[in-house]
There are 2 protein chains.
Amino acid sequence: MKLSTKGRYGLRAVLDIALHSEEEAVALSTIAERQSISISYLEQLIAKLKKAGIVSSTRGAKGGYILAKAPSMISVGEILRALEGNLDPVDCAEIVGGETTCNASDICVTKYVWKRISDSINSAVDNLMLSELVEESKARLKEGLDDKSMNDSMC
Amino acid sequence: MKLSTKGRYGLRAVLDIALHSEEEAVALSTIAERQSISISYLEQLIAKLKKAGIVSSTRGAKGGYILAKAPSMISVGEILRALEGNLDPVDCAEIVGGETTCNASDICVTKYVWKRISDSINSAVDNLMLSELVEESKARLKEGLDDKSMNDSMC
DNA sequence: CAAAAGACCAACTAAAATACTCGGAATTAA
DNA sequence: TTAATTCCGAGTATTTTAGTTGGTCTTTTG
């Protein structure tokens, strides 16, 4: 029941882009260094984010990444799902009402447990917008904490 | 971000015990067969449940397992944590307020995301009691669905 | 125009976690 | 005393995770 590094690194990367791409696109290598993530691994994560329409890129020298839309239009749920796949605690079609996989579906009681967990996770992350994280970060930076110490945090 | 078979099988096992141990203790082999779970794997899961004080056992012939307390006193959260370890989405001390691991803690913004997810999962499972699942199961059985088809459900 | 900076892509690999299996010892009812 | 059962520790196969490697395509800039 753990988020993988995909979700953890990826969210940090998006936040990094949100905070640093106002003037110009940020290069993968810059994010990787600032966040202490392997550049080639990060590449894969950003690819997912791009495919999901969360970030957009410009190639070539001076290229890099920016957000594809306003941070207030990007939910944390959207980001995490792009990176991790769905956030459901089990891969059970019934959770979303399908009838395919688990065909003894309507007598499956534990599925209500999974649905309950699923709903709570999704509503938690879908109601949290990237913009809120951006505001929080900026507020903390203003309190005199420099950018560098910011990036050392591993959570 | 998936529950492992430990949590899935284990919860089904506890529910099985709750539903079948009113007269006499249920043997591991019975649960395993009824739930289509490998007996020797299930053994390990039940051991965790026992250590957590959720089930209790009697050894020897005619032995088996019963619940260690009333189903209304056992939360689904308690069961899942016994099986899976904590349900936090990341192993980050700061999530619970500690100061040990992640020492750039107070400038770590993503931790609020993890805390939010963590809280929502835990409150969802802690407010759901085993007794509710038992009631639900019994209600479904009364509707004419036999015990066997019940156990075929994989969720 | 060349060369550096950068995104993009597809495989490959090492390590860790998961999902088991196996062999036996201790306990108890019949 | 024997069959049924829990209990225990170790071993293993498979899958997933967390990367790495080596290269191609694109764009700016000297």
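In the text below, chain A, chain B and the rest are named by the order of the sequence lines, each starting its count at 1.
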K.L.:
Side-chain donor-acceptor pair under 3.5 Å between B/T5 and B/Y41, yes or no?
P.N.:
yes
K.L.:
Would you say a side-chain N or O of A/Y65 is under 4.0 Å from OP1 or OP2 of C/dC8?
P.N.:
yes
K.L.:
Please compare B/Q44 and A/S4 by the position of their nearest nucleotide in DNA chain D and report the one closer to 5'.
P.N.:
B/Q44
K.L.:
When you look at NZ of A/K69, are more than 12 heavy atoms from neighbouring residues, nucleotides or ligands closer to it than 6.0 Å?
P.N.:
yes
K.L.:
Counting side-chain heavy atoms from CB outward, which of C/dA26, C/dA7, C/dC9 is closest to A/A27?
P.N.:
C/dA7
K.L.:
Check for a donor-acceptor pair, side chain of B/S57 on one end and backbone N or O of B/G64 on the other, with a separation under 3.5 Å.
P.N.:
no
K.L.:
Looking at the side chain of A/A61, which of C/dA4, C/dA7, C/dT21 is the nearest nucleotide?
P.N.:
C/dA4
K.L.:
Chain B on DNA chain D: first and last contacting nucleotide, 5' to 3', under 4.0 Å to a heavy atom?
P.N.:
D/dA4 to D/dA10
K.L.:
Is there a path of hydrophobic side-chain contacts, each under 4.5 Å between heavy atoms of I/L/V/M/F/W/Y residues, joining B/I17 to B/M129?
P.N.:
no
K.L.:
Would you kindly give the OH-to-C1' distance between A/Y41 and C/dC8, to the nearest whole Å?
P.N.:
18 Å
K.L.:
Kindly say if A/K2 contacts the phosphate of C/dA17, meaning a side-chain N or O under 4.0 Å from OP1 or OP2.
P.N.:
no
K.L.:
Counting heavy atoms not belonging to B/E33, are there more than 12 under 6.0 Å from its CD?
P.N.:
no
K.L.:
Specify the separation, in whole Å, of atom CG of B/L3 and atom P of C/dA19.
P.N.:
10 Å
K.L.:
Does B/Y9 place a side-chain N or O at less than 4.0 Å from the phosphate oxygens OP1/OP2 of C/dA19?
P.N.:
no
K.L.:
Which sits closer to the 5' end of DNA chain D, B/T58 or B/M1, going by the nucleotide each is nearest to?
P.N.:
B/T58
K.L.:
Can you tell me how far P of C/dC20 sits from CD1 of B/I37, to the nearest Å?
P.N.:
9 Å
K.L.:
Tell me what B/L28 touches on the nucleic acid: a base, only sugar-phosphate, or nothing, going by heavy atoms under 4.0 Å.
P.N.:
sugar-phosphate
K.L.:
Please classify the nucleic acid contact of B/S40 as base, sugar-phosphate, or nothing, using heavy-atom distances under 4.0 Å.
P.N.:
base
K.L.:
Between A/L49 (CG) and C/dA7 (P), how many Å, whole number?
P.N.:
14 Å
K.L.:
Rounded to the nearest 0.5 Å, how far does CD1 of B/I117 lie from CG of B/N122?
P.N.:
12.0 Å
K.L.:
Identify the two heavy atoms, one from A/M1 and one from A/P89, that lie closest to each other, and give their separation to 0.1 Å.
P.N.:
CE-CB, 4.0 Å
K.L.:
Determine the contact category for B/K50: base if any of its heavy atoms lies under 4.0 Å from a base atom, sugar-phosphate if only primed atoms, P, OP1 or OP2 are that close, otherwise nothing.
P.N.:
sugar-phosphate
K.L.:
When the distance from CZ of B/R8 to C1' of C/dT18 is rounded to whole Å, what number comes out?
P.N.:
11 Å
K.L.:
Rounded to whole angstroms, how far apart are NZ on A/K48 and C1' on C/dA7?
P.N.:
18 Å
K.L.:
Whole angstroms only, please: what is the CD1-P distance between B/I46 and C/dA19?
P.N.:
17 Å
K.L.:
Can you check salt bridge (charged side-chain N to carboxylate O under 4.0 Å, His left out) on A/R8 and B/D91, steps first, answer last?
P.N.:
CA-CA 11 Å; A/R8 302 207 312 278; B/D91 280 328; over 6 Å; no
K.L.:
Mind calculating the distance between CD1 (A/I39) and P (C/dA7) to the nearest angstrom?
P.N.:
7 Å
